[in-house]
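Scroll down for the structure; my scribbles are underneath it.
All ligand and atom numbering here is 1-based and tracks the order in the structure.
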Amino acid sequence: MIKENFNAIKEKLSDDVNIIVVTKYHTVEETLEAYEAGVRDFGENRIEGFLEKREALPEDANVHFIGTLQSRKVKDIAGSMTHLHSLDRESVAKKIEQYAEHEVKCFVQVNVSKESSKHGLSADEVQPFLEKLSSYGKVRVIGLMTMAPLTEDEEVLNDTFGRLKELRDELQESYPEITELSMGMSNDYEIALDHGATYIRIGSKIMGSR
Ligand SMILES: *Cc1c(COP(=O)(O)O)cnc(C)c1O
């Protein structure tokens, strides 16, 4: 089923869109099944899951860290983290600088919907944050990430994804290297794609629900 689910979504995408398959609720065995089906980008939101899947997967797979990362935990994964989707604090960037041996591709997480339960910077905090990061050598910001509210209200979803895209477009004037948009999950990825998502993060629609 994983293969069919993955292909069904992949078929709908243009070549510039990357699917991150989120394996956080699934076993190593199921994750390897996804690899066999052709998945090369995986997403994990906890340190333990990240390390377990990283160790099990072949070298040519990327494991993206998509969850909240505490700065004191950065050193545990800095050696093997290639992509971080939740950067919103300088303390985390400092630890990446200290512990990573290679560049880490980062997305700044933005709390577009301003839900208090969500992590991320508000839209107007992003530019000052990028200025602070400009002197960092290992932290390479390539895009913005957001999580939409848990809703089926298309107006809210359109508004959220549309605003992240607008913010990216504005920032590109000063930061041309910020090209990517990590947005869209199982229930809202089609709307995210309408607004130019370049990384969608899909768990249950591919791996099955838990
Ligand atoms: C779990 C998770 C996803 C995937 O969620 P699904 O609804 O299962 O597709 C995407 N992004 C983040 C940050 C997540 O924690």
Inset, instruction - Kindly give the heavy-atom pair with the smallest separation between I206 and I9, and that separation in Å. - result: CG1-CD1, 3.9 Å
Inset, instruction - Starting from atom 8 (O) of ligand 1, locate the nearest protein heavy atom and write down its residue, its atom name and how far away it is, to 0.1 Å. - result: S204 N, 2.8 Å
Legend entry - Option with minimal heavy-atom separation from atom 4 (C) of ligand 1, where the choices are G43, G203, S86: G203
Inset, instruction - Would you mind checking which non-hydrogen protein atom is closest to atom 5 (O) of ligand 1, with the distance to 0.1 Å? - result: M185 CE, 3.5 Å
Legend entry - K205 heavy atom under 4.0 Å from ligand 1: no
Legend entry - ligand 1 versus H85: contacting region, heavy-atom distance under 4.0 Å: neither
Inset, instruction - Name the option, out of G208, S186, G184, S209, that contains the heavy atom nearest to atom 6 (P) of ligand 1. - result: S186
Inset, instruction - Kindly determine whether S182 and R201 satisfy side-chain contact (heavy atoms from CB on, under 4.5 Å), including the steps that lead there. - result: CA-CA 7 Å; S182 170; R201 308 178 310 268; 3.0 Å; yes
Legend entry - ligand 1 contact by N187, heavy-atom criterion under 4.0 angstrom: no
Inset, instruction - Over 60° means perpendicular and under 30° means parallel, so classify the ring planes of Y199 and H83, tilted if in between. - result: tilted
Inset, instruction - Give a yes or no on whether L181 and L13 share a hydrophobic cluster (residues Ile, Leu, Val, Met, Phe, Trp, Tyr; joining criterion: side-chain heavy atoms under 4.5 Å apart). - result: yes
Legend entry - Any N or O of I66 closer than 3.5 Å to N or O of ligand 1: no
Inset, instruction - Please report the closest heavy-atom contact between K75 and R72, naming both atoms and the distance. - result: NZ-O, 3.3 Å
Legend entry - Verify same cluster id: I66, I200 (apolar side-chain graph, 4.5 Å): no
Inset, instruction - Would you mind running through ligand 1 and noting each atom that sits below 4.0 Å from a heavy atom of I202? - result: 9 (O)
Inset, instruction - Please check if any side-chain donor atom of D41 sits under 3.5 Å from a side-chain acceptor atom of N18, or the reverse. - result: no
Legend entry - Shortest protein contact, atom 1 (C) of ligand 1 (heavy atom only): K24 NZ, 1.5 Å
Legend entry - Single-linkage hydrophobic cluster, 4.5 Å side-chain cutoff, L57 and F65 together: yes
Inset, instruction - Mark up the atoms of ligand 1 that fall under 4.0 Å of a heavy atom belonging to R201, in ascending order. - result: 4 (C), 9 (O), 10 (C), 11 (N), 12 (C), 13 (C)
